[in-house]
Protein chains: 2
Amino acid sequence: MAETRIRNMEEFAAVAGISRPTVSKYFHDPSSVRPTTRARIEAALERYDYRPNIFAVNQNRKLTKNVGIVVPYLADPFFAEIARKLEERCIAAGFRPTLFSAHGRPELEVEILDSLRSLKPAGVLLAPLGRASVRREVEQFCADVPTVLFDSNIDGVGEAFVGSDNFSFVSQTVEYLTRSGEEPCFFEMRTPANPNANKRRIAYVQIMERLGLTPRVISIEGEGWAFEEIGRQGALRVIETDGFPTDTVLCSNDRLAIGLLSACYERGLRVGRGEGSALRVASHDDHPFSRFTCPSLTTAAHDYDSVATRAFETLGALIEAGGRFDRRTETLFAARLVLRASA
Amino acid sequence: MAETRIRNMEEFAAVAGISRPTVSKYFHDPSSVRPTTRARIEAALERYDYRPNIFAVNQNRKLTKNVGIVVPYLADPFFAEIARKLEERCIAAGFRPTLFSAHGRPELEVEILDSLRSLKPAGVLLAPLGRASVRREVEQFCADVPTVLFDSNIDGVGEAFVGSDNFSFVSQTVEYLTRSGEEPCFFEMRTPANPNANKRRIAYVQIMERLGLTPRVISIEGEGWAFEEIGRQGALRVIETDGFPTDTVLCSNDRLAIGLLSACYERGLRVGRGEGSALRVASHDDHPFSRFTCPSLTTAAHDYDSVATRAFETLGALIEAGGRFDRRTETLFAARLVLRASA
DNA sequence: CTCAGAAATTTACGCGCGAAAAATTTTCGT
DNA sequence: ACGAAAATTTTTCGCGCGTAAATTTCTGAG
């Protein structure tokens, strides 16, 4: 390999015995050149590992192969997991994904979108911060760059949304809990960072009323993305004052539940569905760690795979369609109830 | 803003009333142009938000402002956290960080390094997979691109290493545990993915011998990065067979400990240092979740901030120095013992 | 006020490749 | 075997900017 070092496409075309633009076509789409030509290029490729300069390639191209993946908070394993799946699918489809995390900070989200523009991405998969997003900026970005929202919806923004059906999450947990024991109260942050949280509270209230039960919402204080700590502090306060209104607590999400379980353990409140348990706890998301809480957490699981797959497919279709859909679609996947020991 | 849309630096230079190369100089280093010129450029910048085309900028530049950050497994909050800190420092210093995760797969790590080459990065911060890394490829990459290793060292590879002092981790936990109760056995994976794990076992054995105690290592089976599950299964097996050789277990890392605690809870083994506890458990890393385990986990904490800061500073110095150091330095930060409820 | 020398700016050229237009080769029906 | 359409390749041009060399402007001592 590498008899003389190849510096650019010109030199590579020379050793392959073809003109440069033909080589360019080959890299754009190998099947677009004659089989004999292709064979010669690939033979040369074996001997002189050459790769087109990525900056030059994108510099004068109307549509790049770049895809941006933006998540609100990468230190949350849920987003790490879904980002991983999205990355994989992008690579498999020949795109170059770049991963960004807003780290929970709206200004950073704006910055990311800004620098994403200059990457001229073919499309963007965006899980916005939600309530905290600077709506005007996100909206403007989506108007400029073909974008599919996922996980967290913002009405009317982006060409499509793919996520989980919060109503399905809550209805499954509430129904299971009411069927198997006392009715659940709902444990959440008063000012949640994420719009899903609002949807879940609304779903809880609605479902409880439909069942002829009284919804009881416990809203705890706290800002930011340190949900576990917020859940723990909130739970400690509840335990130390009035206690929970029923013996069954449904948490808005698993991270809050993790904090709550930690508080219960600290205070000697036994959690579980067996005899001698003071509390049942269930939640939503199937966070990667929810299997290892004590007790393991009964929760409604995202269909990670489906969300990732569909989000990417939607983006693919969007790019095919030239960046615009006739109408905005919203795809929601149902939850899958995961019964564990906590409820 | 935006009276007429600016398409390139030429047009921007025109509205600013200066020549394009001067504008180019300004973007390269604002202080390199005369104050009056600078004022005019910045005035124009207010009115016509223009940003240099990132591909054109990098295309013909010897040294880009790109920095690659590579971690072995981003779904591990530890790496998410340190990656976040590294990103922040890069941005603050005017670099453009790009984050990659090998997702625990050596082939992917090689691919990442490959595509990183084409980004012509000024430097790379690499936390290698370690034992699983394709050493030849990583070595070759480091020879070509200025690289600082962090978290996980590979002897002689890269221009420098910045990480935590495994010996300090283990000595603090072992000493605390022996001082406050029965001597610890050591709980680890037989074939750990990470070289730190080996260093920790060696440190454990050495420290125990120095204290005149018998080291007892429990090596459990399991491959991959699902440490919690591996720890849980391993612990279940130990509990169901011989049990732990002493009433104190020191885990190689927090993720294993999380699995172990979950197994203990399942089996009704009470963990903690109080009366009525069957087991004390301690560990290393101060994983973001170790505060929320049941009981909360006593552990030796990484100095995340120092590692991130120093790693980035080292890379900065490396870039300044033209990509090579005279000799390879290794910087290790000591651990900080975090006492919680588990031991 | 003058003139060197330094500092800033402009001129001129090239980077590596994409893409439309032009030229060539191939294909295929007759 | 012939010619026109189709497929492929080559020619030509330009993208947006970095950078060395040439030119201009500025600074300060005399």
Side-chain angles (χ1 to χ4, degrees), chain A residues 4-42 44-45 48-66 94 96 115 117-122 322, chain B residues 4-45 48-66 94 96 115 117-122:
Chain A
T4 56
R5 201 166 166 69
I6 302 292
R7 309 206 145 278
N8 55 35
M9 196 180 278
E10 192 77 52
E11 288 186 21
F12 177 76
V15 300
I18 335 190
S19 77
R20 186 189 59 73
T22 303
V23 174
S24 171
K25 275 198 73 174
Y26 167 84
F27 279 109
H28 193 63
D29 174 9
S31 71
S32 72
V33 302
R34 202 171 301 165
T36 59
T37 316
R38 176 172 181 170
R40 280 164 64 190
I41 294 179
E42 284 171 352
L45 224 40
Y48 302 87
D49 76 331
Y50 157 77
R51 320 188 61 179
N53 178 305
I54 195 169
F55 298 109
V57 165
N58 287 309
Q59 127 70 5
N60 192 25
R61 172 133 84 186
K62 34 204 56 178
L63 209 56
T64 70
K65 279 290 199 176
N66 300 332
R96 272 186 40 83
S115 76
R117 270 178 219 272
S118 58
L119 277 179
K120 291 199 226 165
Chain B
T4 56
R5 199 164 169 68
I6 302 292
R7 310 207 144 278
N8 55 36
M9 196 181 277
E10 191 76 53
E11 289 186 21
F12 178 76
V15 300
I18 334 191
S19 77
R20 186 188 58 72
T22 303
V23 174
S24 171
K25 274 198 73 175
Y26 167 83
F27 278 109
H28 193 63
D29 175 9
S31 72
S32 72
V33 302
R34 199 171 303 164
T36 60
T37 315
R38 177 171 180 172
R40 277 161 71 188
I41 293 179
E42 284 171 351
L45 223 41
Y48 301 88
D49 75 333
Y50 156 78
R51 321 188 61 179
N53 179 305
I54 195 169
F55 299 108
V57 166
N58 288 310
Q59 133 41 351
N60 192 25
R61 172 134 84 186
K62 37 201 57 175
L63 208 57
T64 71
K65 279 290 198 176
N66 299 331
R96 271 187 39 83
S115 76
R117 270 179 218 273
S118 58
L119 277 180
K120 291 200 227 163

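Naming convention: chains lettered A, B, ... in sequence-line order (proteins, then strands); numbering from 1 in each chain.
No donor-acceptor distance shorter than 3.5 angstrom exists from the side chain of A/R51 to the backbone of B/S118, with no hydrogens or angles considered. For the pair B/R40 (side chain) and B/G17 (backbone), a donor-acceptor distance under 3.5 Å is present.
Separation of atoms OH (B/Y48) and CD (B/E11) is listed at 10.5 Å; rounding is to 0.5 Å. Here the straight-line distance linking atom NZ of B/K25 with atom CZ of B/R34 works out to 10.0 Å at 0.5 Å rounding.
The B/V57 side chain lies nearest to D/dC17 when the options are D/dC17, C/dG18, D/dT8. When the nucleotides C/dC17, D/dG16, C/dC13 are ranked by their closest atom to the side chain of B/A56, D/dG16 comes out on top. Comparing atom distances between the B/I18 side chain and each of C/dT10, D/dT8, D/dT10 picks out C/dT10 as nearest. The side chain of A/P52 has C/dC17 as its nearest neighbour among C/dT11, C/dC17, D/dT9. When each of C/dT26, D/dT19, D/dT12 is scored by its nearest atom to the side-chain atoms of B/P21, the top-ranked nucleotide is D/dT19. With D/dT9, C/dA19, C/dT9 as the choices, the nucleotide that has an atom nearest any side-chain atom of B/K25 turns out to be C/dT9.
Remark: C1' of D/dT19 and CG of B/N58 are 15 Å apart, rounded to the nearest angstrom. Atom NZ of B/K65 is separated from atom P of D/dG18 by 13 Å (rounded to the nearest Å). Between A/R7 atom CZ and C/dC17 atom P the separation is 12 Å, expressed in whole Å. Across the protein-nucleic acid pair, B/E10 atom CD and C/dA12 atom P stand 13 Å apart, rounded to whole Å. For the pair B/F27 CZ and D/dT19 P, the computed distance is 15 Å after rounding to whole Å. We find that CZ of A/R20 is positioned 20 Å from P of D/dT8, with the value rounded to whole Å. In this entry the distance linking CZ of B/F55 with P of D/dG14 reads 23 Å, nearest Å. Put simply, CZ on A/R61 is 17 Å from C1' on C/dC15, counting in whole angstrom units.
Interface remark: the A/Q59 side chain does not form any donor-acceptor pair with the C/dC17 base, using a distance-only criterion of under 3.5 Å.
Put simply, B/S24 has no side-chain N or O that comes within less than 4.0 Å of OP1 or OP2 on D/dC17. One finds a side-chain N or O of A/Y50 lying less than 4.0 angstrom from the OP1 or OP2 phosphate oxygen of C/dC17. The phosphate of C/dT9 (OP1 or OP2) has no side-chain N or O of B/S19 nearer than 4.0 angstrom. Close to C/dG18, at under 4.0 Å from its OP1 or OP2, lies no side-chain N or O of A/N60.
Taking the six-membered ring where the residue is Trp, A/Y50 and A/F12 present parallel rings, their angle staying beneath 30° rather than reaching 60°.
Between B/V23 and A/S32, the residue anchored nearer the 5' end of DNA chain D, judged by the nucleotide with its closest heavy atom, is A/S32. Nearer to the 5' terminus of DNA chain C, by closest-nucleotide assignment, is the contact made by B/V33 (compared with the other of B/V33 and A/R51).
Tested against B/V23, the residues B/H28, B/M9, B/E10 include a single side chain to side chain contact (heavy atoms under 4.5 Å, CB included) partner, B/M9.
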